[in-house]
Chemist: 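This is the structure I want to talk about, given as structure tokens.
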Protein chains: 2
Amino acid sequence: MRADARDNRERVLRAARAAFAEHGAQASLNKIAQSAGVGPGTLYRHFPTPGALLVAIIGDDVAALCEKGRDLLDHRSPAQALRTWLRAVAEHATAMRGLVAARMAAPPAPDTDAALAACHERIRATGAALLERAQRDGAVPGDIEIADLLTLVNAVAWVSEQAPCDEYLLDRLLALVRGMEPSPQEEET
Amino acid sequence: MRADARDNRERVLRAARAAFAEHGAQASLNKIAQSAGVGPGTLYRHFPTPGALLVAIIGDDVAALCEKGRDLLDHRSPAQALRTWLRAVAEHATAMRGLVAARMAAPPAPDTDAALAACHERIRATGAALLERAQRDGAVPGDIEIADLLTLVNAVAWVSEQAPCDEYLLDRLLALVRGMEPSPQEEET
DNA sequence: TGCCATCCGGAGAGGATCTCCGTATTCTAG
DNA sequence: CTAGAATACGGAGATCCTCTCCGGATGGCA
């Protein structure tokens with residue numbers, strides 16, 4: 001890749017991050033290109049599909065979530081570790097303001113970009129380890145599947161950001177999920 | 001209202017129902033007007049805001065849900081009555097293909113149309129009666145609030161329609177909600 | 001330094017939302 | 001029945017968005 005192309009790619013990515021943080025998923029790709037100082041053609045050449053842009057933006061965050069999940073495998077309370085991690089997933093999804101929700105909430109469809117599917121899989125595998133540990137511990141019902149749990153968490157994150165005026169909605173909704181009931185003593189890590 | 005205006009309003013409503021059923025929330029209002037045989041100006045005069053069109057479309061369905069809720073108050077199992085009704089709410093939301101999700105999933109914000117807020121309130125009141133009955137019966141934890149429960153159900157409905165290939169996703173996700181665990185013997189009404 | 005593969009950027013097609021206002025139609029009063 | 005007033009229609013058009021295409025600029029290599 002040529003040096004100028006690499007520069008432009010970085011600038012677009014920075015602009016996209018800022019735009020999505022401010023306007024949510026309905027940020028105009030046009031304006032992202034404009035605020036990055038490139039033409040629309042350049043944006044679409046670097047990121048042909050919305051999924052490509054999404055993966056480029058959240059790739060680092062996904063890695064961070066997976067690492068946090070690995071760390072939490074050592075937590076003394078498996079159930080709390082799972083809850084803490086799922087809450088981090090939800091918060092991350094909320095921070096992306098619908099960008100994640102629109103593309104990642106549901107399980108991958110057959111036509112999903114391969115890179116996006118890979119993100120899904122990494123999150124799923126991390127969550128599966130935490131869930132299995134909590135289930136072996138007996139703290140979480142055994143009939144729960146990680147894919148459904150993640151889908152539900154994403155849905156909760158999505159709906160929470162529809163009501164930005166209610167900052168506790170996310171926590172209340174998470175507490176409505178089986179296996180996510182907070183114990184009074186426990187606090188987050 | 002003039003007779004021709006009333007006719008046009010009905011035609012727009014029919015076209016809108018069909019379009020939303022086919023294309024989901026992102027149906028083009030332009031094409032709705034076109035398929036109704038009216039100009040865009042006419043559509044926007046009758047329904048100045050998206051909320052107005054939504055309320056006109058789902059008004060009847062909301063009434064039907066409330067009536068179903070009243071009927072279920074006589075059901076022998078309060079918990080199952082609540083579950084059955086919430087599933088009906090979710091199915092209705094799914095049938096609207098994102099139209100409801102986009103506008104009704106979250107609690108009403110201060111700037112919500114009054115009519116839309118009224119729909120919310122009618123659903124909430126119906127659900128509150130069913131929930132309270134189930135809670136008195138001891139079958140559902142007492143710390144659950146109906147507004148949160150409905151928000152969660154709407155979120156579940158929204159995410160389920162993102163994955164149309166998985167027809168059981170809605171039921172699996174609902175089963176993940178506290179107080180919604182199905183008992184093996186019970187069946188729906 | 002000069003050439004070529006690579007990349008840029010903006011014009012523009014196509015489509016959506018929403019507004020405005022001249023025109024047409026319905027209703028009503030005489 | 002008719003004429004005027006009130007009401008409603010509808011489409012042109014302003015504005016924005018997505019996405020494509022290609023002439024021209026530019027970086028990297030021999």
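Numbered from 1 within each chain, the chains take letters A, B, ... in sequence-line order. Below, each value reflects all heavy atoms present in this structure, side chains not excepted, and no hydrogens, waters or symmetry copies.
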Chemist: Might you point out which heavy atoms bring I146(B) and L131(B) nearest each other, and give the distance in Å?
Modeler: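 Taking every non-hydrogen atom into account, N-CD2, 3.5 Å.
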Chemist: Is the shortest side-chain heavy-atom distance between D137(A) and R133(A) below 4.5 Å?
Modeler: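 SC-SC contact between D137(A) and R133(A) ruled out.
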Chemist: Just compare dC7(C), dA8(D), dC9(D) and give me whichever is closest to any side-chain atom of T42(B).
Modeler: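 Ranking dC7(C), dA8(D), dC9(D) by closest atom to the T42(B) side chain puts dC9(D) first.
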Chemist: If I take atom CD1 in residue I32(B) and atom P in nucleotide dG10(D), what distance separates them, rounded to the nearest angstrom?
Modeler: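 Result: 16 Å.
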Chemist: On DNA chain D, does the nearest nucleotide to V38(B) precede the nearest nucleotide to R2(A) from the 5' side, or the other way round? Give the residue.
Modeler: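 In this pair, the answer is V38(B).
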Chemist: D4(B) CG to dT23(C) P: how many Å, rounded?
Modeler: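 In whole Å, dT23(C) P lies 19 Å from D4(B) CG.
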Chemist: R9(B) has an atom CZ; how far is it from atom C1' of dG10(D), in whole Å?
Modeler: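 The distance from CZ of R9(B) to C1' of dG10(D) comes to 19 Å, rounded to the nearest Å.
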Chemist: A5(A) has a side chain; which of dG27(D), dC8(C), dT25(C) sits nearest to it?
Modeler: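 Minimum distance to the A5(A) side chain belongs to dC8(C).
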Chemist: Would you call D7(A)-R2(A) a salt bridge at under 4.0 Å N-O?
Modeler: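 Result for this pair is no, no salt bridge flagged.
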Chemist: Do the non-hydrogen side-chain atoms of V177(A) and L149(A) ever get within less than 4.5 Å of each other?
Modeler: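 A side-chain contact exists here, since the closest heavy-atom pair is under 4.5 Å.
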Chemist: Whole angstroms only, please: what is the CZ-P distance between R6(A) and dG27(D)?
Modeler: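 It is 16 Å, rounded to the nearest whole Å.
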Chemist: Any salt bridge linking E132(A) with R136(A)? Criterion: basic side-chain nitrogen under 4.0 Å from a carboxylate oxygen.
Modeler: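 Between R136(A) and E132(A) there is a salt bridge, with a charged N closer than 4.0 Å to a carboxylate O.
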Chemist: Rounded off to whole Å, could you give me the CZ-to-P distance for the F47(A) and dC7(C) pair?
Modeler: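 Checked: the CZ to P distance equals 13 Å.
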Chemist: Quick check: closest heavy atoms across R17(B) and D60(B), and the distance to 0.1 Å?
Modeler: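 Looks like NH2-OD2, 4.2 Å.
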Chemist: Over how many whole Å does the gap from Y44(A) atom OH to dA13(C) atom P extend?
Modeler: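 Whole-Å distance recorded here is 18 Å.
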Chemist: Should N8(A) be listed as having a side-chain N or O under 4.0 Å from OP1 or OP2 of dC8(C)?
Modeler: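 Answer yes for this pair, as a side-chain N or O of N8(A) is under 4.0 Å from OP1 or OP2.
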Chemist: Would you call R6(B)-E10(B) a salt bridge at under 4.0 Å N-O?
Modeler: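 Looking at R6(B) and E10(B), the cut-off is not met.
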Chemist: Take atom NE2 of H23(B) and atom P of dG15(C), then tell me their distance rounded to the nearest Å.
Modeler: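 Interatomic distance, NE2 of H23(B) to P of dG15(C): 14 Å.
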Chemist: Output the rounded distance in Å from CD (Q26(B)) to C1' (dA16(C)).
Modeler: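 Q26(B) atom CD is separated from dA16(C) atom C1' by 13 Å.
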Chemist: Below 4.0 angstrom from OP1 or OP2 of dC7(C), is there any side-chain N or O of H46(A)?
Modeler: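 For dC7(C), OP1/OP2 do not have a side-chain N/O of H46(A) under 4.0 Å.
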Chemist: Measure from the side-chain heavy atoms of R45(B) and tell me the nearest of dT19(C), dA8(D), dG9(C).
Modeler: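 For R45(B), the side-chain atoms sit closest to dA8(D).
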Chemist: Could you list all N or O pairs between the protein and nucleotides 13-17 of chain D that sit under 3.5 Å apart?
Modeler:
| residue | atom | partner | partner atom | Å |
| --- | --- | --- | --- | --- |
| dC17(D) | OP1 | K31(A) | NZ | 3.4 |

